[in-house]
Structures are given as structure tokens and as C-alpha cells.
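Working notes for the structure below.
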Amino acid sequence: MIVARTVADVRAALDGRRDGTVGLVPTMGALHAGHLALLAAARERCDTVVMSLFVNPAQFGEPADLNGYPRDEQRDLEAAREAGVDVVFAPPAAEMYPPGYQTWIDVTELGATLEGEHRAGHFRGVATVCLKLFNAVRPDLAFYGQKDAQQVAVLRRMVADLNLELELVVVPTVRDADGLALSSRNARLSPEERARALALPRALATGDPETARAILDSSGIDVEYVAVAPFDPPTLAAAVRVGTTRLIDNVPLEPRKEES
Ligand code: AMP
């Protein structure tokens, strides 16, 4: 497994591998079984699997959230190796955003609702870093989790609007046995908070925004939003705070209509 720190190095690592399919799995590390499902899907469909490992400062609002993000590169590299990754692209922040950096991708409408409304600038950071990763790696396929449904909707829009030649592959949300969607943020929940957080998947499983809100309200969870999002397919999505931990989750309400 090659570990590349610069765009030039990741391009060099992929030289000679362009005859086969190249798959990209973007991550911010702190790998869990959700990330491993993406890597497994990529391994199955692609000749070369590239995983990016980059905690993207541009998509964080509060500095405390960025600084407190869990980082354990050695453990992540070991997990990537075990998952059969060929190339890890793990650049320092200055490689992605050197001094003088000033170009941003803004998916104006889809990026401004729901998560975008509560996390101003988040999707600008996501879309920008993903386009930069696509340009560095030039993947045929890029793998994303349904867990971040709005991220998928925003990136599909960007791929269509900017005529990018790649296919986005969406992998179903991986959950713990109790129903809670896996997230690196779950580690911040106390046992009592975690028990309370189980109301989130339970509420979304009803498929109905009013019922879902009633369940969340009666569980002592602060609701930021719970709504049917106008994605393809329509998706019941929610963001909540359990104590100081922010959690998001969603369930698609029907099968997807369009293939991108
Ligand atoms: P992150 O490292 O949080 O940026 O996530 C990297 C990728 O893993 C994103 O495409 C996420 O949607 C995906 N992901 C995170 N958690 C899960 C999960 N529980 N199930 C499936 N995919 C996930």
C-alpha cells in the first residue's frame, strides 16, 4: 500500500493503473465499519482502490469541532491495508489549501438547506475538497455513504453541473445492532446519552416527519430539524443534539428513480 502526501505523489502512484477502474473512497479517518463497507464496495468494483484521509478544515464551522476531531493515522492506515486499499492519499492541510488559496465550489440551493442551514459553509467546504480530490485522483467511481444523504445530493448536483466524468456510488448506512448509525461522533456519547440517542433511528423508521418529531421531543433530545428532504429519493432526514453531541441520520422513503 502506497501512502501519498502530495497531489504529485498520488498521481505518480496511479500512473500505469489507468487501464483499469480507479475507485476513490474519501474519508476523514477515525475509520469504523461504515467506512469499511465503502472500502469493501470499492474493492469489489474497482481494479485500484484509493482512500483519501483528510480532516478537511474547510467543512468545519466551530474550531473546537475541528480540533476535537478524532485522529489516529497509524490505526487508520492499518485498517486501510487490511481492507485491501492500494493507495492512501493523506495530504497535510497546506497541500490542499496553500497560502493564497481562494477558489470555492458552492452548490447554491441544495447546499443551503437542512444541514447547510445549521452549518453555514459546510457544503462549500465539502464540495470544494471533493472536487479537488477528484482532480487529484481522477477516479472512475467515488464511494459515499447514505449516512450523509445531503452530501450525496450536493455532490450529484456538482457532478452533473460541472460535467464531471465519474460515477457516484452510494453505500447503505451501517448501523450498530441497536440501530444507531455508526459515526465517529458516537464515541463522545455517555452510556446514558447513547441510550437516549436510540430514539433517532426509532423516530426515522416511522417514515413520517410529525411522528418522528413527537418521538424525538418526548425522548429529551434537542431537534435541529426533522424533515422530508427533496433528494432523489425523498429522504426523511434529521439532525439532533444529545447533550453536546450532534448526530445526523436519515432513511430514504422510496427507491431511487434516476441513475447518475
Ligand atoms: P467521514 O469520514 O465521516 O467524512 O465519512 C466518510 C464516508 O463514510 C462518507 O461518505 C460517509 O457518508 C461514510 N459513512 C460514515 N458513516 C457511515 C455509516 N454509518 N454507514 C455508511 N457510510 C458511512
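Just follow the structure's listing: the first ligand is 1, and inside any ligand the first atom is 1.
- Ring planes of Phe60 and Tyr69: perpendicular class, angle over 60° (limits at 30 and 60°).
- Residues passing the side-chain hydrogen bond (donor to acceptor under 3.5 Å, both in side chains) test with Glu254: none are found, sequence neighbours excluded.
- With salt bridges taken as basic N to acidic carboxylate O contacts below 4.0 Å, one links Glu167 and Arg45.
- Listed by chain and residue number, the protein contacts of ligand 1 are Pro26, Thr27, Met28, His32, Gly34, His35, Leu38, Tyr69, Tyr144, Gly145, Lys147, Asp148, Gln151, Pro172, Thr173, Val174, Leu182 (heavy atom within 4.0 angstrom).
- In the model, Thr48 has a side-chain atom that pairs as donor or acceptor with a side-chain atom of Arg17 under 3.5 Å.
- Partners of Phe54 by ring-ring contact (aromatic ring centres under 6.0 Å, His included), not counting sequence neighbours: none found.
- Applying the side-chain hydrogen bond (donor to acceptor under 3.5 Å, both in side chains) rule to pairs touching residues 89-108 yields Asn56-Tyr97, sequence neighbours excluded.
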